[in-house]
Amino acid sequence: MRHLMSPLDFSVEELDKLLDIAQDIEANPAKYAHACEGKKLATLFYEPSTRTRLSHEAAMLNLGGSVMGFASADSSSASKGESVADTIRVISCYADICAMRHPKEGAPMVAAQHSSIPVINAGDGGHQHPTQTLTDLLTIKSLKGRLNNMTIGLCGDLKFGRTVHSLINALVRYEGIRFILISPEELRLPEYVRHDVLDRNNVPYEEVVRLEDALPELDILYMTRVQKERFFNEEDYVRMKDFYILDKQKMKLAPEDMYVLHPLPRVNEISVEVDDDPRAAYFHQAQCGVYVRMALILTLLDIHVD
Ligand code: CP
């Protein structure tokens with residue numbers, strides 16, 4: 001039995017295979033429509049979500065399976081003090097696979113240790129968000145045709161943004177990747193990611209504050225929201241929240257074949273006037289999230305479709 005806690009749980013070969021399945025699902029959805037008949041997915045969300053929870057559920061429904069779950073800790077027995085370990089033992093009696101989001105780093109790992117069904121980490125605190133990374137990789141591959149030899153700009157809240165941490169972990173395994181880290185001083189990428197992931201893998205990167213300085217060099221611009229829920233005081237959040245706003249004027253500085261990704265939700269960091277730009281790929285990215293989660297469910301349940 002396998003779980004997904006981090007994008008590194010899959011080798012590059014396994015990841016490539018999973019992305020191939022996702023692309024086949026996109027091209028031939030009918031082929032997969034009954035692949036999970038009789039299987040149940042439980043979504044255990046202790047923290048708010050729109051895309052991650054509903055795209056997991058859409059994925060299982062598209063595969064012919066069924067779904068159950070809770071959308072907040074308040075509507076589960078966590079509010080009465082039940083532990084994650086006890087909850088997952090119980091859910092293992094009801095479902096075949098589960099996706100868990102939790103505000104505490106490591107909570108899905110605790111669940112995996114006590115589970116008899118595959119557990120998918122659907123985001124744990126400021127730590128990892130591996131299914132978002134699978135989504136991002138599929139989106140980049142579908143737009144650029146490759147995952148190597150690219151300059152990727154990561155912009156915004158690089159300190160608390162778990163999607164950024166997971167994406168860096170995954171992309172450093174491909175040849176010719178270079179990062180431009182675009183953030184205010186207070187929201188720089190944590191030292192443990194810069195040192196343990198970028199430096200240790202000899203991946204070139206530079207840190208800049210101005211988005212305008214980075215834009216002309218990028219193949220992919222990955223925008224992120226300032227993570228209000230991870231700040232300790234409102235004042236700091238208010239000071240940081242509109243530090244970057246990508247608008248039409250700034251898009252003029254970007255190459256014609258640069259794509260803008262964003263894990264969403266956005267707040268102000270991408271102006272809605274950018275949505276009509278053919279390089280705005282964030283809604284396509286949300287659609288890719290369903291295909292890749294279908295491929296992930298099949299992989300973790302060891303279901304093969306000819
Ligand atoms: N991208 C993402 O994780 O969105 P949700 O918080 O809506 O799931």
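Whatever order the structure lists ligands and atoms in, that order sets their numbers, starting from 1. The first residue in the sequence is number 1, and the count goes up from there.
Heavy-atom contacts of Gln132 reach the following atoms of ligand 1: 1 (N), 2 (C) (cutoff under 4.0 Å). Near Thr50, meaning under 4.0 Å from any of its heavy atoms, are these atoms of ligand 1: 5 (P), 7 (O), 8 (O). Distances below 4.0 Å separate heavy atoms of Arg101 from the following atoms of ligand 1: 3 (O), 5 (P), 6 (O), 8 (O).
Residue-to-ligand polar distances place Thr52 within reach of ligand 1: an N/O pair is separated by less than 3.5 Å. Considering both main-chain and side-chain atoms, Pro263 comes within under 3.5 Å of ligand 1 through a nitrogen or oxygen pair.
With a 4.0 Å cut-off on non-hydrogen atoms, Leu264 touches ligand 1 through its backbone and not its side chain.
At most 12 non-hydrogen atoms from other residues, nucleotides or ligands lie less than 6.0 angstrom from NE2 of His34.
Taking the charged nitrogens against the carboxylate oxygens, Lys17 and Glu14 have no contact shorter than 4.0 Å, which rules out a salt bridge.
For Asp302, the side chain to side chain donor-acceptor pair (under 3.5 Å) partners are His304, not counting sequence neighbours. Residues meeting the side chain to side chain donor-acceptor pair (under 3.5 Å) test with Arg210, sequence neighbours left out: Asp213.
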Worked check of salt bridge (Lys or Arg N to Asp or Glu O under 4.0 Å) between Lys31 and Asp306: CA-CA 8 Å; Lys31 202 169 108 183; Asp306 290 333; over 6 Å; no
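Protein heavy atom in closest approach to atom 4 (O) of ligand 1: Arg51 NE, 3.1 Å.
Between Met258 atom CE and Glu217 atom CD the span is 12.5 Å, to the nearest 0.5 Å.
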